[in-house]
S.K.: 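Just passing along the structure, written as structure tokens.
What's counted below: heavy atoms across the whole structure, side chains too, no hydrogens, waters or symmetry copies. Reminder, nothing fancy here: chain letters follow the sequence lines and each chain counts from 1.
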There are 2 protein chains.
Amino acid sequence: MTDPIAPDDTETSQQACLKAILRMAGLRVTRQRMALGELLFTGERQHVNADELHQKAIAARANLTLATVYNTLHQFSRAGLLREVTVDAGSTYFDTDTSNHHHFFVEDDKQVLDIHPGAMSFDGFPEPPEGMEITHIDVVVRLRKISS
Amino acid sequence: MTDPIAPDDTETSQQACLKAILRMAGLRVTRQRMALGELLFTGERQHVNADELHQKAIAARANLTLATVYNTLHQFSRAGLLREVTVDAGSTYFDTDTSNHHHFFVEDDKQVLDIHPGAMSFDGFPEPPEGMEITHIDVVVRLRKISS
DNA sequence: ATGCCTGCAAAATATTTGCATGTAA
DNA sequence: TTACATGCAAATATTTTGCAGGCAT
């Protein structure tokens, strides 16, 4: 048996990079995390929910359960590799772009899009109630497709 | 048997008012809607989720199921008597104040609070993508209790 | 060895649907 | 009477938990 985690002749530099990311985040390198990491952090930044990611993982022949996808998404979030975005009551979305920005949400097809940072800003912040402090401000601009 | 819906000697003006509201919204007057309407539209404006409202209804000796609470909340929303607020992925909240305003959300105890209109405003709106129009802008200011 | 970390089955939670029944016209 | 509205049991959807087994030390 060969160790599936140790570097070998067939390892791509992308995979090596992903391992480094996981280790830096304090997470063990496992088959499941490599598969999900590859889907999440390769190519374009994106917004996924657990179910979509699970479907992609299955399509990519990774063998893992939806529960593992949920747990991994939360671990990645806690590690700062993802940011959770609350745009739809139906399901939780995760954003691979963890920088400070806001979102469009297309209600028709449940699609999350980034709002370019600087495209909007606040005139003033509301005073938080006694004994409270602001942790984060989320803006969701809801969109509808124009039916012409 | 007396009709429980027809006005009678024991009907309060509040109940009469509620009936008028339901009829104006195009909804039939039923025992369940009267009970929920009384809990929602009497007294202070408030933010509830389905489960909380169901608990209150049970405490008020109204006999109805959680499914009915969900359906009624959605009917009231469609009729413009409530506004749905997406602040927490865990569950959907409904606001009895349907005017345009934003929300604080206390993460520690899942509490929704109104931000006074005018306490914050935007410097500029982002341009929606081609073929889309803005339906609504939601701002959620997330709060944490200061641990001193 | 040993004790923390993993991934998943099963449980818990949240919401929607389908249909028997009730009700207005 | 008739057709549509209503409320709820059951189904579905979403998320979390508990624990058997794996892995680093």
S.K.: In whole angstrom, give the distance that lies between atom CZ of Phe94(A) and atom C1' of dT15(D).
M.R.: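 Answer to the nearest Å: 10 Å.
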S.K.: Which of residues 53-62 of chain A sit near DNA chain D, with a heavy atom under 4.0 Å from it?
M.R.: none
S.K.: Only counting residues at least two apart or in another chain, list the ones meeting side-chain hydrogen bond (donor to acceptor under 3.5 Å, both in side chains) with His101(B).
M.R.: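 Applying side-chain hydrogen bond (donor to acceptor under 3.5 Å, both in side chains) to His101(B) gives Asp95(B), His103(B), Asp114(B).
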S.K.: Got a sec, which pairs hit salt bridge (Lys or Arg N to Asp or Glu O under 4.0 Å) with one end in residues 33-44 of chain B, sequence neighbours left out?
M.R.: none
S.K.: Between Leu143(A) and Pro129(B), is there a side-chain heavy-atom distance shorter than 4.5 Å?
M.R.: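 They are in contact (side-chain heavy atoms under 4.5 Å apart), so the answer is yes.
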S.K.: Could you tell me whether the side chain of His74(B) reaches within less than 4.5 Å of the side chain of Phe94(B), counting heavy atoms only?
M.R.: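 Yes; the side chains approach each other to less than 4.5 Å.
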S.K.: Counting just side-chain N and O atoms, does His74(A) come under 4.0 Å of either OP1 or OP2 of dT16(D)?
M.R.: yes
S.K.: Any chance you could pull the hydrophobic cluster mates of Ile58(B), using side-chain heavy atoms under 4.5 angstrom and chaining through other members?
M.R.: none
S.K.: Any chance you could list the contact pattern along nucleotides 1-14 of chain D? Use B for base contacts, S for sugar-phosphate-only contacts and - for none, protein heavy atoms under 4.0 Å, 5' to 3'.
M.R.: ---BSSSBB----S
S.K.: Minimum heavy-atom separation for Leu18(A) and Gly37(A), please, with both atom names.
M.R.: CD2-C, 3.6 Å
S.K.: Taking atom CG of Leu36(A) and atom CG of Leu53(A), what is their separation to the nearest 0.5 Å?
M.R.: 5.0 Å
S.K.: When the distance from CG of Asn49(B) to P of dT16(C) is rounded to whole Å, what number comes out?
M.R.: 13 Å
S.K.: Holding to ring-ring contact (aromatic ring centres under 6.0 Å, His included), I want the full list of residues that pass it with Phe41(A), two or more places apart in sequence or in another chain.
M.R.: Phe76(A)
S.K.: When the distance from CG of Asp88(B) to C1' of dT16(D) is rounded to whole Å, what number comes out?
M.R.: 14 Å
